[in-house]
Amino acid sequence: MKEVHINKHTRTFITKFNFLTHLSPEQEQMEKKKAEYGEKMKNKIGSVHKQAEEKRAMVEAKRGEEFLKAEELAAKFRATGTTPKKHIGCF
């Protein structure tokens, strides 16, 4: 193993680091609340993304159904040789 020599400067740094890493009970409580809130927000974001993905899938499925319906209608008009007539409701 390698020997580590600790000089006065390094010892002072380690002491300050140990002092700063020790949190008061109020600070610990705040850190705990902060972590809980962060987790809550991550879950909320995940829920929103899931809902958006479900809605996106529903819209895509509906779009596919409408496309198939239009294709079937077009095939019907091609088979009969007629053209679609648009009815204007206000005249």
Side-chain angles (χ1 to χ4, degrees):
M1 289 189 91
K2 185 177 177 183
E3 279 189 36
V4 178
H5 297 287
I6 298 177
N7 59 21
K8 183 179 178 183
H9 175 70
T10 307
R11 190 176 307 124
T12 304
F13 176 76
I14 292 172
T15 305
K16 285 181 181 179
F17 181 76
N18 287 338
F19 176 75
L20 292 175
T21 57
H22 180 70
L23 300 175
S24 70
E26 293 86 13
Q27 290 172 327
E28 287 178 11
Q29 187 178 12
M30 287 297 282
E31 288 295 320
K32 185 178 178 182
K33 283 184 179 181
K34 183 177 169 183
E36 288 173 358
Y37 184 74
E39 188 67 28
K40 185 178 176 181
M41 288 297 109
K42 284 181 185 179
N43 291 339
K44 198 170 195 176
I45 290 170
S47 173
V48 168
H49 280 290
K50 184 179 177 183
Q51 290 174 353
E53 189 64 37
E54 289 171 355
K55 287 181 181 182
R56 195 175 295 119
M58 287 175 54
V59 168
E60 194 172 310
K62 185 177 178 182
R63 187 175 177 196
E65 290 172 5
E66 290 174 354
F67 182 75
L68 286 175
K69 187 176 177 181
E71 283 290 320
E72 289 172 359
L73 195 60
K76 176 184 158 189
F77 283 117
R78 284 189 205 109
T80 59
T82 60
T83 58
K85 295 189 173 35
K86 187 172 182 180
H87 299 291
I88 301 175
C90 62
F91 290 109

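Starting from 1, each residue takes its place in the sequence as its number. Keep in mind that this is a model prediction, so the values were computed, not measured. Just the heavy atoms: all of them, side chains too, but no hydrogens, waters or symmetry mates, feed the values below.
No side-chain heavy atom of Lys55 sits less than 4.5 Å from a side-chain heavy atom of Val59.
Within 6.0 Å of atom CE in Met41, more than 12 heavy atoms from other residues, nucleotides or ligands are found, so the atom counts as buried in its surroundings. No more than 12 heavy atoms of other residues, nucleotides or ligands shown are found within 6.0 angstrom of CD on Glu60.
The line from NZ of Lys50 to CD1 of Ile45 is 16.0 Å long, rounded to the nearest 0.5 Å. Once rounded to the nearest 0.5 Å, the distance linking OH of Tyr37 with NZ of Lys42 reads 13.5 Å.
With respect to the salt-bridge test (charged N to carboxylate O, under 4.0 angstrom), the residues Glu65 and Lys62 do not qualify.
When atom types are taken as modelled, the side chain of Thr80 and the backbone of Lys76 share a donor-acceptor pair closer than 3.5 angstrom.
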* Please step through salt bridge (charged side-chain N to carboxylate O under 4.0 Å, His left out) for the pair Glu66 and Arg63, ending with a clear verdict. => CA-CA 5 Å; Glu66 290 174 354; Arg63 187 175 177 196; over 6 Å; no
